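None of the values given here were measured: they were computed from a predicted structure.
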Amino acid sequence: MEERAARDTVEVRGTVQPLPNRDAEVAPQVSGRLLDVLVHEGGHVDLGQVVARVDPGPLVDALKSAEATVARARADADNAETTLVRATRVFERGIAPRQEVDDATARAAAAHATLHEADATEREARRQVDRATLTSPLSGVVLNVL
């Protein structure tokens with residue numbers, strides 16, 4: 001009897017598919033110039049690993065603009081509140097008509113609404129900047145890079 005080494009491999013032909021619900025397409029949620037693709041086909045990725053970056057320049061500019069709008073809206077709201085307090089005080093002393101208090105109340109409400117709108121715009125701009133960095137939603141192997 002002759003001794004030989006046994007082979008533990010089997011060759012098969014076909015297409016390898018990921019398990020159901022264990023694959024993901026990763027694509028930018030913002031438009032812009034793609035700066036870096038940090039993975040390659042066949043490479044391993046970990047959950048949360050950065051896989052690509054979109055140029056954040058225009059998104060950062062939009063964020064800075066939104067922050068300035070919030071600062072301006074906050075200043076307008078503070079001014080409107082101060083005016084309302086002053087108009088109320090003068091009205092209570094019988095020096096000014098009720099119309100001034102009503103106008104100041106309306107201006108304060110409008111200024112606060114503008115501030116809330118500006119805050120929402122700033123939060124959205126901040127999310128857009130965050131979306132310029134693409135991360136892997138799961139651990140695994142990169143099948144395709146387009």
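The side-chain heavy atoms of D76 and L115, taken from C-beta on, include no pair separated by under 4.5 Å. Side-chain contact check for R127 versus Q29: every heavy-atom pair is 4.5 Å or farther apart. For the pair R74/D119, a side-chain contact is recorded, criterion being any heavy-atom separation below 4.5 Å from C-beta on. Using a 4.5 Å cut-off on side-chain heavy atoms (C-beta onward), T69 and T121 make no contact.
Within the 3.5 Å criterion, the main-chain N or O of S136 finds no donor-acceptor partner in the side chain of Q49. Checking side-chain atoms of S65 against main-chain N and O of D61 turns up no donor-acceptor pair under 3.5 Å. Checked by atom type and distance alone, the side chain of D55 pairs as donor or acceptor with a backbone atom of G57 at under 3.5 Å.
Between E100 atom CD and R86 atom CZ the span is 11.0 Å, to the nearest 0.5 Å. Here CZ of R53 is found 11.0 Å from OG1 of T135. Values are rounded to the nearest 0.5 Å. To the nearest 0.5 Å, atom OG of residue S31 and atom CZ of residue R131 are 12.0 Å apart. The CG atom of L84 sits 11.5 Å away from atom CG of N79, with the distance rounded to the nearest 0.5 Å. Atom CG in L134 sits 8.0 Å away from atom CG in L34 (nearest 0.5 Å). Taking CD from Q99 and CG from D103, the interatomic distance works out to 4.5 Å, rounded to the nearest 0.5 Å.
E122 approaches V70 most closely through the heavy-atom pair OE1-CG2, 3.4 Å. Scanning both residues, P56 and A132, for their nearest heavy atoms gives CB-CB, 4.1 Å. Closest of all the heavy-atom pairs between A111 and A77 is CB-CA, 3.6 Å. In this structure, A125 and A66 approach most closely via the heavy-atom pair CB-CB, 4.2 Å.
Hydrophobic clustering of Ile, Leu, Val, Met, Phe, Trp and Tyr side chains at less than 4.5 Å, counting indirect connections, unites V142 with V37. A single hydrophobic cluster is seen to contain both V30 and V60, as judged by linkage of ILVMFWY side chains at heavy-atom distances under 4.5 Å, directly or through other members. V39 and L138 are not part of a single hydrophobic cluster, where members link through side-chain heavy atoms under 4.5 Å apart. Grouping the Ile, Leu, Val, Met, Phe, Trp and Tyr side chains by contacts below 4.5 angstrom, directly or via other members, places L35 apart from L38. Connection of V145 to V54 is established within a shared hydrophobic cluster, with ILVMFWY side chains joined at heavy-atom distances below 4.5 Å, either directly or through further cluster members.
The local environment of CD in E117 is sparse, with at most 12 non-hydrogen atoms from other residues, nucleotides or ligands closer than 6.0 Å. The neighbour count for E41 CD, taken as heavy atoms of other residues, nucleotides or ligands under 6.0 Å away, is above 12.
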